[in-house]
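Note that the structure is a prediction, hence the values are computed from the model and not measured.
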Amino acid sequence: MQLRPLGRTGFRIAPLVLGGNVFGWTCDRETSFRVLDAFVARGFNLIDTADVYSRWVPGHSGGESETILGEWIRRRGRHDDVLIATKVGSDLGLGHVCLRREHLLAAVEDSLRRLGVDCIDLYQSHWVDKDTPVEETLAAFQTLIEQGKVRAIGASNHRAPRLRAALDAARAHGLPAYQTLQPPCNLMQRAEFEGELAALCQQENLGVIGYYGLASGFLTGKYRTATDARGRARGDAVQKLFALPQAGAVLAALDAVANRHAATPAQVALAWVMARPGITAPIASATSVAQLEELAGAAALTLDPDDLAALDAASTPPSATPAPGA
């Protein structure tokens, strides 16, 4: 497995990150353990979760994913061969996003307890907190780093102006800077990362782990019409994607490239993200070992220039102009 540097964190990661959002939601405890075992056995090494997973499930309060991940770590008796990334700041009952100092200092203790570790490898601001000065948030992260509870910090869901402001504030005040970014990135959702944000990440040498690599399952090929998604856990999100003008072209291009490589649409979709300029690795979740094995195959799939050009063209909305480098 060829590892890639994750920005300036000092970490080197495999080209696929396992998303923990499904643990305790659509993937029960024992199945989660089997998926995690298979992931590590294939040579992958970064697992991403968040303290809010899976608060949206009736009867859940958040922390379910971290708890399952912690139980897996305890059962195997080690985690020196994997990196653990989690996120903080989502609404866990306050009614709003919160990245205030006192919240971060308390939230990290809860995450450490659930994960059963002494230190979080990558601790990420999940959302932008417009009511808290970024200097306060970064100073809190500095405290956690100095206490040995966090190794590196990153941001998620930050647009270019906010990310740039945070990086400038870190330099101006001698505070730790975000070293990674977690934006949505897939064949159906290109605009949010490509362009100004991608250029900033490359300029600052930020590691980028793109989420929604399979667009909530839309790019797996299992949905062929909006009707197919009805009643599914992520059905609403998938149905919205079918309404986009490029939906049919993307699915057709995925099928064509997959057939040329004897691969699956999901493998092609992830391989496309892996090949994007500035992307370190996509995040994808799996609810079975068979699904994990399929997704892992993306790391061994090399798309040629014609493949990439066809996918780029299909995924560019009719009214859009391709971003530089696309």
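- No more than 12 heavy atoms of other residues, nucleotides or ligands sit less than 6.0 Å from atom CD of Gln2.
- Evaluated for a side-chain contact (heavy atoms from CB on, under 4.5 Å) with Phe39, the options Val289, Val17, Ile47 yield exactly one hit, Ile47.
- Proximity of a side-chain donor or acceptor of Thr143 to a complementary backbone N or O of Ala139 within less than 3.5 Å is detected.
- Judged as a ring pair (Phe, Tyr, Trp, His ring centres under 6.0 Å), not a single pair has a partner in residues 77-119 (not counting sequence neighbours).
- Asp81 pairs by the salt bridge (Lys or Arg N to Asp or Glu O under 4.0 Å) definition with Arg76, Arg78, not counting sequence neighbours.
- For Ser125 (side chain) and Ala155 (main-chain N/O), no donor-acceptor pair under 3.5 Å exists by modelled atom type.
- For the pair Arg12 (side chain) and Arg4 (backbone), a donor-acceptor distance under 3.5 Å is absent.
- At a cut-off of 3.5 Å, with distance as the only test, no side-chain donor of Tyr211 or Asn21 sits close to an acceptor on the other residue.
- Residues that satisfy the side-chain hydrogen bond (donor to acceptor under 3.5 Å, both in side chains) test with Thr49, not counting sequence neighbours, are Ser65.
- Although no hydrogens or angles enter the test, the distance criterion places no donor-acceptor pair under 3.5 Å between the side chain of Ser54 and the main chain of Val57.
- Looking at His126 and Ser156, their side chains never bring a donor and an acceptor atom within 3.5 Å of each other.
- Scanning for side-chain hydrogen bond (donor to acceptor under 3.5 Å, both in side chains) contacts around Ser315 gives Arg190, with sequence neighbours left out.
- The salt bridge (charged side-chain N to carboxylate O under 4.0 Å, His left out) pairs that include a residue from residues 39-54 are Arg42-Glu293, Asp48-Lys87, where partners are two or more places apart or lie in different chains.
- In this structure, Val128 is not a member of the same hydrophobic cluster as Val208, with clusters built from ILVMFWY side-chain heavy atoms closer than 4.5 Å.
- A heavy-atom distance below 4.5 Å is found between the side chains of Met188 and Phe218.
- Between His158 and Tyr178, the angle of the ring planes goes over 60°, which puts this pair in the perpendicular group of the 30/60° scheme.
- In this model, a donor atom of one side chain and an acceptor atom of the other lie less than 3.5 Å apart for Gln182 and Gln124.
- Although no hydrogens or angles enter the test, the distance criterion places a donor-acceptor pair under 3.5 Å between the side chain of Arg55 and the main chain of Ser61.
- Thr86 places none of its side-chain heavy atoms less than 4.5 Å from the side chain of Leu69.
- Asp37 has no carboxylate O lying under 4.0 Å from a charged side-chain N of Arg34, or vice versa, which leaves the two without a salt bridge.
- Listed by chain and residue number, nothing satisfies the side-chain hydrogen bond (donor to acceptor under 3.5 Å, both in side chains) test with Gln179 (two or more places apart in sequence, or in another chain).
- At least one side-chain heavy atom of Leu214 sits under 4.5 Å from a side-chain heavy atom of Leu270.
- With sequence neighbours excluded, the residues that form a salt bridge (Lys or Arg N to Asp or Glu O under 4.0 Å) with Glu71 are Arg29.
- Not counting sequence neighbours, the partners of Tyr53 by the ring-ring contact (aromatic ring centres under 6.0 Å, His included) test are Trp56.
- Side-chain atoms of Glu196 do not come within 3.5 Å of backbone N or O of Ala160 as any donor-acceptor pair.
- Side-chain contact between Leu104 and Thr137: present, with at least one pair of heavy atoms (C-beta onward) separated by less than 4.5 Å.
- Apart from Val97 itself, the hydrophobic cluster it occupies contains Trp127, where clustering links Ile, Leu, Val, Met, Phe, Trp and Tyr at side-chain heavy-atom distances under 4.5 Å.
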Tabulate below the donor-acceptor pairs under 3.5 Å that side-chain atoms of residues 296-310 make, not counting sequence neighbours, or state none.
from   : atom 1 : to     : atom 2 : distance (Å)
Asp304 : OD1    : Asp306 : N      : 3.0
Asp304 : OD1    : Asp307 : N      : 2.7
Asp307 : OD1    : Arg260 : NE     : 3.3
Asp307 : OD1    : Arg260 : NH2    : 3.0
Asp307 : OD2    : His261 : NE2    : 2.6
Asp307 : OD2    : Asp304 : N      : 3.0

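- Screening residues 269-306 for ring pair (Phe, Tyr, Trp, His ring centres under 6.0 Å), with sequence neighbours left out, gives no hits.
- For the pair Gln189 (side chain) and Cys185 (backbone), a donor-acceptor distance under 3.5 Å is absent.
- With a 4.5 Å cut-off on side-chain heavy atoms, Glu192 and Pro183 do not count as touching.
- Considering only residues two or more places apart in sequence or on other chains, Asp129 meets the side-chain hydrogen bond (donor to acceptor under 3.5 Å, both in side chains) condition with Thr132.
- Annotation: Arg159, atom CZ; neighbour count of heavy atoms from other residues, nucleotides and ligands within 6.0 Å does not exceed 12.
- When each of Leu254, Asp255, Asn259, Leu219 is checked for a side-chain contact (heavy atoms from CB on, under 4.5 Å) with Val268, only Leu254 meets the rule.
- Between Leu3 and Ala14, the closest heavy-atom pair is CD2-N, 3.5 Å.
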